[in-house]
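If you're wondering where the values come from, they're calculated on a predicted model, not measured in any experiment. Naming convention: chains lettered A, B, ... in sequence-line order (proteins, then strands); numbering from 1 in each chain.
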Amino acid sequence: MNMSGKSAYDVLYERGFIEQVTDEEPIQSLLEKETVTCYIGFDPTAASLHIGSLVPIMSLVHMQRCGHSPIALVGGGTALIGDPSGKTEMRRILTRDEIDANAEAIKKQLSQYLDFGEGKALLLNNADWLAKLNYVEFLRDIGRCFSVNRMLAAESYRIRLETGLNFIEFNYMLLQSYDFYYLCKHYGCILQMGGNDQWGNIVAGIDLTRRLEEKKIYGMTFPLLTTSQGHKMGKTEKGTVWLDAALTTPYDYFQYWINTEDADVKRFLGLFTLLPVEEIKESEKLVDSELNMAKAVLAFEATKITHGQGAAIAAWGAAVNNFGLKPVSPNLFPSSSIPRTSADLDASAIPTVEKTRAELEGGIPAFELFYDVDLCASKGEARRLIVQGGAYVNGRQVEVFDEKIGEGNIENSEIHLRKGKKQHMVIRVS
RNA sequence: GGAGGGGUUCCCGAGUGGUCAAAGGGAGCAGACUGUAAAUCUGCCGGCGAAGCCUACGGAGGUUCAAAUCCUCCCCCCUCCA
């Protein structure tokens with residue numbers, strides 16, 4: 001229970017986290033009355049999590065805030081196998097070293113969201129127990145509890161049966177089930193949560209634990225997010241939106257969220273911010289372009305959670321500067337710490353490259369410059385951009401593809417480049 | 001192990017000797033319209049400052065003036081049989 005008197009179940013439910021639960025009533029009362037240890041697995045298949053993992057992360061945050069005891073399980077062991085759920089193709093099998101390195105990085109990342117202080121939350125790696133398993137013993141003790149018939153009926157496998165599924169992937173379910181059993185036995189974990197594609201794996205773990213321990217445990221899944229347009233979350237022109245500031249800058253992260261489609265704003269505020277639901281409901285009254293204020297708050301709060309208040313303010317400042325973002329009125333989202341005036345503007349988050357005066361001497365053809373500062377992936381693309389009228393220098397459209405940009409364009413030691421309406425780049429001249 | 005079908009550009013997918021940087025769709029980029037939204041319409045969509053050249057149709061060789069297309073070997077995937 002948190003201060004508001006809401007149980008974790010209520011919180012998760014009203015914020016839109018819950019897609020399916022194994023047993024609604026028992027889970028509700030459990031979360032109301034006891035300190036529940038729950039877990040979610042995170043795949044260390046990359047060195048950073050991306051926003052696809054944000055729903056699970058936020059769910060653990062809420063669990064912790066409500067006084068429960070989350071376990072974030074890094075799947076160092078299961079990643080050696082590769083989860084086939086929701087995939088149409090087998091994924092590349094990573095080496096042990098790659099996975100270990102990724103697991104380490106992900107641990108650090110999760111620490112930004114959850115307090116792993118003594119007794120508050122745990123961060124475990126299933127390689128610690130899975131890697132030690134003995135094949136024959138495992139088959140005898142665990143394998144015998146699984147019905148191949150039932151496994152084949154699982155949604156996650158059925159899709160793959162059409163294109164092919166090999167034995168290593170087929171075993172993934174057993175290992176994840178074993179994780180749940182292991183965490184239940186050794187850590188008292190009785191609830192596993194995850195994306196809805198994990199339903200089959202979660203249920204299998206519950207069955208296994210019932211058979212081995214005669215203990216009833218539970219599962220909860222989250223909706224798999226797509227935007228209202230059915231697009232996958234977290235993909236932009238620059239690729240995946242990562243949680244690591246080195247891979248996706250706070251500025252780009254902020255931009256990703258502020259570009260949320262109208263229809264998704266309310267849902268996303270519930271899932272990706274910690275603002276009270278009552279305030280989020282208020283935002284329903286916003287119509288048309290007023291909705292952009294709610295988007296600004298969403299972007300600000302989401303950036304704050306991942307990158308901190310300072311980075312969020314800087315990203316917001318850059319948005320005010322570049323896009324004329326309007327301040328959010330004080331009576332909207334009173335809990336948000338978004339700046340309400342542009343008085344103390346900090347635009348330092350605009351992407352910047354450094355150049356010396358000497359480099360600009362004589363001028364650089366515009367298309368080369370756009371390529372050089374990474375606004376365009378190739379010179380050809382830069383040429384097309386300019387020809388199509390999408391390139392700007394200090395707000396002025398570039399008309400000739402090889403127009404020389406140089407000292408003459410420096411204003412206040414800066415040259416401001418823009419690609420289309422949204423992508424800005426400042427050249428700071430020293 | 002045997003028989004058959006496949007592996008094409010970011011993804012799906014057409015192409016089966018020159019007209020192929022490769023149809024079509026999706027994604028993406030830009031423009032118009034807007035509200036940094038959606039929808040719609042238009043243009044673009046391998047690289048190189050033009051001609052032209054280079055790189056690309058699983059991998060390695062070969063045939064040919066010419067190969068994504070034909071031949072040989074290899075790798076991988078699927079289906080049926082064992």
Side-chain angles (χ1 to χ4, degrees), chain A residues 84 86-93 159-169 226-241 251-269 283-284 286-300 302-303 315-328 347 349-351 363-372 374-392 395 397-405 417-425:
Chain A
K87 313 266 179 328
T88 50
E89 264 175 52
M90 180 163 169
R91 58 167 77 161
R92 189 172 78 86
I93 292 185
I159 302 166
R160 285 299 299 278
L161 277 154
E162 284 163 28
T163 55
L165 175 73
N166 62 20
F167 192 65
I168 186 172
E169 295 174 288
T226 52
T227 68
S228 294
Q229 298 307 309
H231 296 142
K232 256 192 205 139
M233 289 283 296
K235 301 283 180 190
T236 69
E237 64 276 10
K238 287 176 184 161
T240 306
V241 181
Y251 170 83
D252 285 325
Y253 193 79
F254 184 98
Q255 286 298 317
Y256 176 79
W257 291 110
I258 204 166
N259 278 305
T260 296
E261 294 164 23
D262 287 6
D264 294 323
V265 174
K266 191 188 152 214
R267 188 162 57 118
F268 287 2
L269 281 165
S283 72
E284 276 180 346
L286 298 172
V287 290
D288 300 332
S289 60
E290 284 174 2
L291 244 187
N292 287 349
M293 282 195 252
K295 292 185 189 182
V297 170
L298 167 64
F300 180 85
T303 306
W316 169 82
V320 171
N321 256 8
N322 282 345
F323 299 102
L325 183 66
K326 292 186 195 72
V328 176
I350 298 177
I364 301 173
F367 74 101
E368 283 188 14
L369 187 62
F370 274 75
Y371 166 72
D372 185 49
D374 269 351
L375 277 173
C376 296
S378 69
K379 292 180 189 174
E381 187 187 314
R383 290 183 57 141
R384 273 177 245 128
L385 174 77
I386 295 167
V387 169
Q388 296 189 115
Y392 298 81
Q397 191 175 57
V398 180
E399 279 161 15
V400 186
F401 81 95
D402 59 353
E403 179 180 325
K404 292 272 173 66
I405 308 299
L417 303 184
R418 177 154 65 87
K419 174 188 180 188
K421 276 180 289 193
K422 296 188 190 176
Q423 296 181 58
H424 297 254
M425 181 66 70

Atom [atom1] of [X] and atom [atom2] of [N]: how far apart are they, to the nearest Å?
X	N	atom1	atom2	value
A:Arg418	B:G31	CZ	C1'	13 Å
A:Leu286	B:A37	CG	P	17 Å
A:Phe323	B:A37	CZ	C1'	13 Å
A:Phe401	B:A50	CZ	P	7 Å
A:Lys421	B:G35	NZ	C1'	10 Å
A:Phe367	B:C44	CZ	P	20 Å
A:Asp288	B:A37	CG	P	14 Å
A:Lys422	B:U34	NZ	P	16 Å

Does any nucleotide pair with [N] by Watson-Crick or G-U wobble geometry, both distances under 3.5 Å, and what is it?
N	value
B:U72	B:A60
B:A37	none
B:G52	B:C48
B:C10	B:G26
B:G1	B:C81

[X] side chain, from C-beta outward: closest of [options]:
X	options	answer
A:Glu261	B:G47, B:G49, B:A38	B:A38
A:Tyr392	B:G35, B:G31, B:U36	B:G31
A:Gln423	B:G49, B:C29, B:C48	B:C29

Between [N] and [M], how many Å separate the two [atom1] atoms, rounded to a whole number?
N	M	atom1	answer
B:A22	B:A51	P	14 Å
B:U69	B:G15	C1'	9 Å
B:U72	B:A21	P	27 Å
B:C41	B:C33	C1'	9 Å
B:G47	B:C80	P	43 Å
B:C73	B:C29	P	47 Å
B:U64	B:C54	C1'	22 Å
B:A37	B:A56	P	39 Å

Exercise. Is any side-chain nitrogen or oxygen of A:Arg383 closer than 4.0 Å to OP1 or OP2 of B:C48?
Worked result: no
Exercise. Counting only side-chain N and O atoms of A:Ser378, is one of them less than 4.0 Å from OP1 or OP2 of B:G47?
Worked result: yes
For this session: State whether the distance check finds a donor on one side and an acceptor on the other, under 3.5 Å, for side chain A:Gln388 versus base B:G31.
Result: no
Under 4.0 Å, heavy atoms only, any strand: does [X] hit a base, just the sugar-phosphate, or nothing?
X	value
A:Ile258	base
A:Ala319	base
A:Lys295	base

Exercise. Using 30° and 60° as the class limits, which term best fits the ring planes of A:Phe401 and A:Phe367: parallel, tilted or perpendicular?
Worked result: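 Taking A:Phe367 first and then A:Phe401, their aromatic rings sit tilted (interplane angle of 30° to 60°).
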Problem set entry | CG on A:Asp372 to CG on A:Leu417, rounded to 0.5 Å |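 A:Leu417 atom CG to A:Asp372 atom CG measures 10.0 Å (nearest 0.5 Å).
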Exercise. Nearest 0.5 Å, what's the CG-CD distance between A:Asp402 and A:Glu368?
Worked result: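 Reported value, rounded in 0.5 Å steps: 9.0 Å.
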For this session: Without swapping roles, check the side chain of A:Asn259 against the backbone of A:Gln255 for a donor-acceptor pair under 3.5 Å.
Result: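 Answer holds: yes.
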Exercise. Could A:Asp262 and A:Lys295 be called an ion pair, given the rule that one side-chain N must be under 4.0 Å from one carboxylate O?
Worked result: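 Yes, A:Asp262 and A:Lys295 are salt-bridged.
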Problem set entry | RNA chain B: 5'-proximal contact among A:Glu290 and A:Lys419 (nearest heavy atom) | A:Lys419
Exercise. Of A:Leu325 and A:Pro365, whose nearest nucleotide on RNA chain B comes first from the 5' end?
Worked result: A:Leu325
Exercise. Out of A:Arg418, A:Glu381, A:Lys419, which one pairs with A:Leu375 under the side chain to side chain contact (heavy atoms under 4.5 Å, CB included) rule?
Worked result: A:Lys419
Exercise. How close do A:Ala294 and A:Leu269 get, heavy atom to heavy atom, and via which atoms?
Worked result: O-CD2, 4.2 Å
